[in-house]
Protein chains: 2
Amino acid sequence: MSHTGAINPENAEILETPMGEIDGIDFEIIELLFFAYRDFISDPDAILDTSGFGRAHHRVVHFVNREPGLTVAALLDTLKITKQSLARVLKQLIDSGYIAQVAGPEDRRQRKLFPTARGRELALALARPQSCRIADAMKGLDESGRAAVKTFLSGMINSANRSGAADQDDMKEGQRR
Amino acid sequence: MSHTGAINPENAEILETPMGEIDGIDFEIIELLFFAYRDFISDPDAILDTSGFGRAHHRVVHFVNREPGLTVAALLDTLKITKQSLARVLKQLIDSGYIAQVAGPEDRRQRKLFPTARGRELALALARPQSCRIADAMKGLDESGRAAVKTFLSGMINSANRSGAADQDDMKEGQRR
DNA sequence: TCGAATATGTCAGCTATGTTGACATAAATT
DNA sequence: AATTTATGTCAACATAGCTGACATATTCGA
């Protein structure tokens with residue numbers, strides 16, 4: 001081995017004490033979130049590997065199925081990615097018949113996105129294992145415990161976000177950033 | 001626009017009904033997790049943009065600070081990535097003086113990883129906003145609510161994982177897959 | 001003691017998914 | 001008619017995964 005860097009740097013500036021709750025920081029939850037999300041994501045990932053799609057496709061299929069008829073702009077806002085990034089996966093999903101576009105009835109510039117039967121099936125197949133995992137993790141909790149989990153997760157989300165379908169104003173943005 | 005795909009495919013195979021709880025799936029929590037994790041990650045991301053590092057560096061710095069002296073193999077097992085993937089970010093962190101290596105005292109093939117003072121500072125700086133966000137989200141919860149959150153998150157994690165420092169056996173694996 | 005197994009490092013190339021910037025087109029708005 | 005908006009698209013780039021192949025140092029077992 002070449003080992004350009006020092007392997008035992010004369011015990012110089014090394015810290016041996018673990019970074020712990022002492023620092024007034026909740027490392028436990030930080031790590032629980034990391035591992036929980038990693039495993040939460042792994043279920044659909046396994047399915048996606050089969051179908052040749054990735055996580056990006058998963059998100060698109062999910063939200064289109066959750067809100068059929070949403071526009072490209074709305075989807076971009078939900079995902080918080082650029083249209084160029086979305087374009088790649090969306091095109092694949094349309095070409096493979098998972099999602100269909102319809103010109104907006106009022107504003108014909110819009111492209112409203114709808115799931116096909118295939119798209120619906122895929123979305124459900126991907127959500128199922130995740131839902132099972134959640135049900136499992138909720139198993140020991142009573143109603144107040146479950147409510148606490150929802151409160152917590154909601155509280156973790158930037159208030160500027162999420163649902164209500166229509167926010168108040170949202171400042172015009174061309175291409176996000 | 002060229003529009004190779006049909007824009008209004010004769011109302012063929014389109015589904016207009018939203019995918020909802022009807023299907024016996026907990027979409028609410030699925031989405032809460034998605035948004036919560038996205039925003040949870042965004043705090044350190046903003047800091048990392050400044051220092052020229054990415055999420056991958058974040059994870060490495062975090063776990064090395066949490067368990068100073070862990071070996072490369074242990075880190076790989078925690079992160080569930082390949083050594084080649086780790087190598088890139090680890091090298092940068094070592095070269096920039098955030099992490100130091102020490103040959104294992106017992107087994108000199110091992111490289112034990114320790115944070116430097118710089119590394120500790122970075123890890124704390126990254127954890128702080130996340131901890132605040134968590135504290136905020138926990139604000140309204142009593143002790144049983146907080147316990148419920150931990151129970152839930154723990155339950156989301158694959159049992160094959162996490163801590164106890166030493167698992168039972170772990171099946172030999174050369175390069176993870 | 002020698003050969004195999006182990007822990008780590010490293011080269012090269014590929015993929016998925018994000019980013020910017022620039023430009024095109026159709027439809028709506030003023 | 002001119003401008004703005006919604007969408008699409010091309011090109012180039014960055015990050016962070018992955019696989020495969022191979023090198024080196026060290027430990028371990030026969």
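Side chains included, hydrogens not; waters and symmetry mates left out as well; all remaining heavy atoms used. Each chain gets a letter, A, B and so on, in the order the sequences are listed, and its residues count up from 1.
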- Answer with yes or no after comparing the ring centroid distance for B:F40 and A:Y37 against a 6.0 Å cut-off, counting only values under it.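 Ring centroids of B:F40 and A:Y37 are no less than 6.0 Å from each other.
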- More 5' along DNA chain D: A:A74 or B:H57, using each one's nearest nucleotide? A:A74
Report the distance from atom [atom1] of [X] to atom [atom2] of [N], rounded to the nearest whole Å.
X      : N      : atom1 : atom2 : value
A:L48  : C:dA16 : CG    : P     : 12 Å
A:D107 : D:dT4  : CG    : P     : 17 Å
A:D45  : D:dA16 : CG    : P     : 18 Å
B:D77  : C:dT6  : CG    : P     : 16 Å
B:I41  : C:dT17 : CD1   : P     : 18 Å
B:K112 : C:dT8  : NZ    : C1'   : 15 Å
B:K91  : D:dA16 : NZ    : C1'   : 17 Å
A:D49  : D:dC18 : CG    : P     : 11 Å

With a 4.0 Å cutoff (strictly under), does any side-chain N or O of [X] reach OP1 or OP2 of [N]?
X      : N      : result
A:Q110 : C:dA28 : no
B:R59  : D:dG17 : yes
A:R109 : C:dA28 : no

- Is it true that A:R66 and B:E31 have a side-chain N and a carboxylate O under 4.0 angstrom from each other? yes
- Message: Ignoring hydrogens and geometry beyond distance, is the side chain of B:K83 in donor-acceptor contact with the base of C:dG9 at under 3.5 Å?
- Response: yes
- Query: Is a donor-acceptor pair below 3.5 Å formed from side chain B:Q84 to base D:dG20, judging by atom type as modelled?
  - Reply: yes
- Query: Just checking B:E106: base, sugar-phosphate only, or nothing, at a heavy-atom cut-off of under 4.0 Å?
  - Reply: sugar-phosphate
- Using a heavy-atom cut-off of under 4.0 Å over every strand shown, decide if B:H58 touches base, sugar-phosphate, or nothing.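 B:H58: no heavy atom of the nucleic acid under 4.0 Å.
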- Query: Of A:G52 and B:A87, whose closest DNA chain C nucleotide lies nearer the 5' terminus?
  - Reply: B:A87
- Given that A:R108 and A:L86 both sit by DNA chain C, which one's nearest nucleotide is further toward the 5' end? A:L86
- Evaluate the criterion side-chain contact (heavy atoms from CB on, under 4.5 Å) for residue pair A:L126 and A:L48; output intermediate values, then yes/no. CA-CA 8 Å; A:L126 293 171; A:L48 291 161; 3.9 Å; yes
- Message: Can you tell me which nucleotide in D:dG8, D:dT19, C:dG18 comes closest to the side chain of B:T82?
- Response: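 Of the candidates, D:dT19 comes closest.
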- Item | Shortest side-chain distance from B:R55, nucleotide among D:dA16, C:dC11, D:dA11 | D:dA16
- Which heavy atom of A:G20 sits nearest a heavy atom of A:F27, and at what distance?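 The answer is O-CE1, 3.2 Å.
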- Value rounded to 0.5 Å, distance of NZ in A:K80 from CZ in B:R38: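 Reported to 0.5 Å precision, the distance equals 5.0 Å.
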